[in-house]
Every structure is written in C-alpha cells, then in structure tokens.
> 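Have a look at this one before I ask anything.
All ligand and atom numbering here is 1-based and tracks the order in the structure. By convention here, the first residue in the shown sequence is residue 1.
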Amino acid sequence: MIRIIGFDADDTLWHNENIFERAQERYRRLLAKYHPAAEVDVALFATEMRNFKRYGYGVKGFMLSTVETAIELTKGEISAREIREIIALGQEMLAHPVELLPDVAAVVPALARDYRLLLITKGDLHHQESKIAASGLAAHFSAVEILSEKDGAAYERVLRRHGVALAEFVMVGNSLKSDILPVLALGGAGVHIPYHILWQHEHAEPVPQDTPRFRCIERLAELPALLSGL
Ligand SMILES: [Mg+2]
C-alpha cells in the first residue's frame with residue numbers, strides 16, 4: 001500500500017523546459033549572423049554534455065555552456081556586448097516566475113492530507129530552493145531533496161535516510177530516465193506524467209504499459225484515484 005509519494009519538480013509540478021526552449025530560441029537568433037540554427041543547437045548540446053561532470057544540472061551550468069559555445073562557434077569573434085546579452089538571457093531564466101502545472105495547486109495539498117510527500121529534484125541548489133519557496137508548495141512536503149543525479153544509488157540513499165520502504169513508495173515525474181526507471185528497478189512504483197517538451201538528455205525508451213507498479217497518465221488530477229492500485 002502506498003504511503004509515501006515522491007514528486008519530481010521541474011516539468012512535473014511547474015514549467016521548466018519551456019523556459020529553456022525560449023532562451024535557446026533567443027540564443028540561436030543572437031548567433032544567427034555567425035552560424036545556422038541547427039548547428040548552434042548541436043554545438044551547445046555537445047558543450048553541455050562535456051560540462052556536466054564539472055557543473056551539474058541547472059541554469060548556471062547552461063549559462064557557462066552558452067558562453068563557451070558562442071566563443072567556439074564564432075572562433076573568438078563574438079563581442080563583449082553579445083556575451084553580455086547571453087549572460088542576461090541566463091539571468092532572466094533564473095528570475096523567471098514559477099508557473100505551476102495544471103491541477104498541482106489542488107492535488108498536492110489534497111494528497112498531503114493522506115500521504116507523506118517528498119520532493120526529489122536535481123539541479124542548482126540555490127535556484128531549486130528559490131523555486132520551491134516561490135511555488136507556495138513547500139509546506140505540503142515533509143522533506144525536500146535536491147540531488148546532483150537521480151539514479152538508483154541516489155534514490156536508495158534518500159529513501160533509506162527517510163526510512164521509506166520501497167513497497168510503500170511511488171515516484172511521480174515527467175522523466176522516465178530520472179524519475180521512473182531507477183525507482184522501478186529498485187522495486188518501487190512509478191507514475192509517469194509526460195511534459196510536452198523533453199530535454200534530449202532525458203530521453204529513454206518507453207516502458208511497456210503492462211509493467212507492474214507502473215502507470216502513465218496525462219495529468220496530475222488522475223493520480224489520486226490510481227494510488228490504491230499500486
Ligand atoms: Mg522533471
């Protein structure tokens with residue numbers, strides 16, 4: 001029987017990837033006079049992948065990668081004024097208001113009355129903490145865990161720390177790779193709620209619909225009714 005629900009945050013409770021997408025669109029326009037858009041995307045993604053080990057996930061690492069990629073693609077021709085515009089793009093992302101996804105404002109407080117809720121996210125500590133504070137949801141979670149990676153070992157550590165048995169645990173999130181697959185592999189339950197944009201790095205093969213303890217739903221409002229069947 002499910003007693004503890006783990007929630008991913010970005011693109012599960014609030015919009016995130018659309019902010020990256022809009023920033024990247026402006027970044028492409030800024031570099032358009034130097035380079036075709038498709039090549040800008042490929043080069044930026046390659047820089048990000050190279051830098052993960054150093055910077056981790058989040059906007060600040062993204063900012064450093066956009067600056068590095070711009071210098072590379074323009075062979076050092078980019079001006080200080082243009083670099084300043086790129087940095088401003090990232091600073092706007094960090095200041096962007098938190099926009100909750102549909103149903104979140106009603107469903108999360110309702111679930112908090114009957115279940116223990118954990119928020120399990122990854123990314124910049126400082127930025128994630130400010131988003132959680134700005135979301136108005138913090139009081140409904142018994143704990144917040146901001147991890148540098150969401151893999152099996154990380155979930156095991158978190159669940160052990162909170163004394164959570166896998167039989168009683170379900171993780172809810174938009175990423176099969178980070179939110180669902182590691183938890184299913186450990187023996188927990190997973191509910192996938194896809195967001196309309198999936199970051200390339202989070203790509204994973206689909207999970208068969210008949211997988212035990214796995215469900216895929218379109219919106220959060222469907223979650224409460226299916227918890228008893230997990
Ligand atoms: Mg997410």
> I need the protein N, O or S atoms closer than 2.8 Å to the Mg ion (ligand 1), given as residue plus atom name.
D8 OD2, D10 O, N174 OD1

> What is the ring orientation for Y57 with H201, classed by angle as parallel under 30°, tilted 30 to 60°, or perpendicular over 60°?
tilted

> Table please: side-chain donor-acceptor pairs of residues 220-230 below 3.5 Å, with sequence neighbours left out.
unit_1	atom_1	unit_2	atom_2	d
E222	OE2	E218	N	3.1
E222	OE2	R219	N	3.0

> For the residue pair D10 / Q128, report whether a side-chain donor-acceptor contact shorter than 3.5 Å exists.
yes

> Under the ring pair (Phe, Tyr, Trp, His ring centres under 6.0 Å) rule, collect the residues that match up with F62, sequence neighbours excluded.
F20

> For the residue pair R22 / H96, report whether a side-chain donor-acceptor contact shorter than 3.5 Å exists.
yes

> Transitive ILVMFWY cluster of L181 at side-chain heavy atoms under 4.5 Å: who else is in it?
L176, I180, L184, V207, F214

